Amino acid sequence: QMLDSIVEATRDSNKIIIFSEFIETTKIIASYLEKKLGSNEVAVFSRALSEGEMQVSANKFQNDDDCRILICDKSGGEGRNFQFADRIIHYNIPWSPDELEQRIGRLDRVGRDISKDVISDVIYCKETTEEDVFKLFNKCLNIFGEYLSGIENAVLEFENTCRVRPSLDKLKEVINS
């Protein structure tokens, strides 16, 4: 049912990147979407591929109008420019705001049409830790509402507010004494 909702989301967007934390999950998603939509519409960018195969997938996604979906593991969140894509689907939300920033930053970068917002969908199960992480990122850090420049300051402010840093410093004092 979750994968069917992804199929529906693809109908409204030209280019979509689906991120998952896990290589096996990217394989399952790719297999399902290829059966539903056809292999010409789907490309995979994963650590399970060689550098050459990843480049072929990136080129297919960027240059082939029929290829509308790129499924990525963590490797897709670093060092690639996909500013021409319309939407990100976070199949698994990372627990690190830095990793989330990397993902969104693949689309929200120099060269992107400034009149087009990045649509960022998050899939999570209700009443789970993943939902709590989503709420923290969305409500407290406003990650999905604005571009993330300055996220380091927000995280530092959050740490100081929660008094995490002083507690860690106190713990280091105890250990070192």
Side-chain angles (χ1 to χ4, degrees), residues 2-7 9-10 13-113 116-125 128-131 133-134 136-138 141 143-144 146-152 154-155:
M2 192 177 337
L3 292 174
D4 285 332
S5 66
I6 291 173
V7 171
T10 66
S13 299
N14 291 326
K15 297 281 187 175
I16 299 171
I17 298 178
I18 300 172
F19 278 102
S20 174
E21 291 288 297
F22 311 105
I23 292 173
E24 287 304 314
T25 305
T26 62
K27 290 177 184 177
I28 292 167
I29 295 169
S31 175
Y32 183 83
L33 293 179
E34 286 171 354
K35 286 177 188 166
K36 283 284 200 179
L37 303 171
S39 61
N40 59 324
E41 289 197 34
V42 179
V44 177
F45 192 93
S46 162
R47 292 178 301 238
L49 304 174
S50 70
E51 285 290 324
E53 290 170 320
M54 286 194 289
Q55 188 59 52
V56 167
S57 289
N59 290 344
K60 177 182 176 184
F61 182 63
Q62 183 169 355
N63 300 317
D64 184 345
D65 290 339
D66 291 333
C67 183
R68 297 181 310 115
I69 301 169
L70 182 66
I71 303 164
C72 299
D73 62 8
K74 284 184 179 186
S75 62
E78 299 173 1
R80 291 291 173 158
N81 300 327
F82 296 119
Q83 65 267 27
F84 54 87
D86 305 301
R87 171 180 242 146
I88 301 173
I89 298 175
H90 306 276
Y91 194 85
N92 313 100
I93 189 168
W95 290 20
S96 163
D98 293 334
E99 286 182 37
L100 194 56
E101 179 180 18
Q102 283 291 321
R103 286 181 178 185
I104 296 170
R106 299 306 94 216
L107 279 70
D108 196 3
R109 55 189 318 106
V110 174
R112 181 172 183 81
D113 180 349
K116 289 177 63 175
D117 289 330
V118 173
I119 299 168
S120 191
D121 299 313
V122 179
I123 298 172
Y124 62 87
C125 294
T128 63
T129 303
E130 202 165 43
E131 180 184 25
V133 171
F134 168 72
L136 172 70
F137 289 168
N138 190 43
L141 300 177
I143 285 178
F144 302 103
E146 62 184 50
Y147 183 64
L148 299 178
S149 62
I151 189 70
E152 301 84 6
V155 171

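Because the structure is predicted, anything quoted here is derived from the model rather than measured.
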Give a yes or no answer on whether the side chain of T128 reaches the backbone of E131 with a donor-acceptor pair at less than 3.5 Å.
-> yes
What pairs with F134 under ring pair (Phe, Tyr, Trp, His ring centres under 6.0 Å), at least two apart in sequence or on another chain?
-> Y124, F144
Tell me, please, which residues at least two apart from S20 pass side-chain hydrogen bond (donor to acceptor under 3.5 Å, both in side chains).
-> N92
Spacing of W95 atom CH2 and L136 atom CG [to the nearest 0.5 Å] = 11.5 Å
Contacts of D66 meeting side chain to side chain contact (heavy atoms under 4.5 Å, CB included) (sequence neighbours excluded), chain-then-number -> N40, D64
Partners of S96 by side chain to side chain contact (heavy atoms under 4.5 Å, CB included), sequence neighbours excluded?
-> D98, E99
Ignoring hydrogens and angles, tell me if any N or O in the side chain of S57 forms a donor-acceptor pair with the backbone of V44 under 3.5 Å.
-> yes
Closest heavy-atom pair and its distance - F61, F82 = CD2-CD2, 4.0 Å
Given the options I89, V42, I88, I71, I16 meets side chain to side chain contact (heavy atoms under 4.5 Å, CB included) only with I89
So the salt bridge (Lys or Arg N to Asp or Glu O under 4.0 Å) pairs with at least one residue in residues 37-62 (sequence neighbours excluded) are E41-R68, R47-D73
Would you find a donor on one side and an acceptor on the other, under 3.5 Å apart, between the side chain of S31 and the backbone of I28?
-> no
Can you tell me which residue pairs pass the salt bridge (Lys or Arg N to Asp or Glu O under 4.0 Å) test with a partner in residues 16-29, sequence neighbours excluded?
-> E21-K74, E21-R103, E24-K27
Which value, rounded to the nearest 0.5 Å, describes the distance between L37 atom CG and Y32 atom OH?
-> 9.0 Å
Tell me, with the steps shown, if I18 and L33 meet side-chain contact (heavy atoms from CB on, under 4.5 Å).
-> CA-CA 11 Å; I18 300 172; L33 293 179; 3.7 Å; yes
Show your reasoning for whether side-chain contact (heavy atoms from CB on, under 4.5 Å) applies to H90 and S120.
-> CA-CA 7 Å; H90 306 276; S120 191; 2.7 Å; yes
Is the number of heavy atoms from other residues, nucleotides or ligands under 6.0 Å of D65 CG greater than 12?
-> no
Correct closest heavy-atom pair for P94 and L100 would be CG-N, 3.8 Å
Sequence-distant partners of N14, side chain to side chain contact (heavy atoms under 4.5 Å, CB included), two or more places apart = D86
NZ of K15 to CZ of F84: how many Å apart, nearest 0.5 Å?
-> 6.0 Å
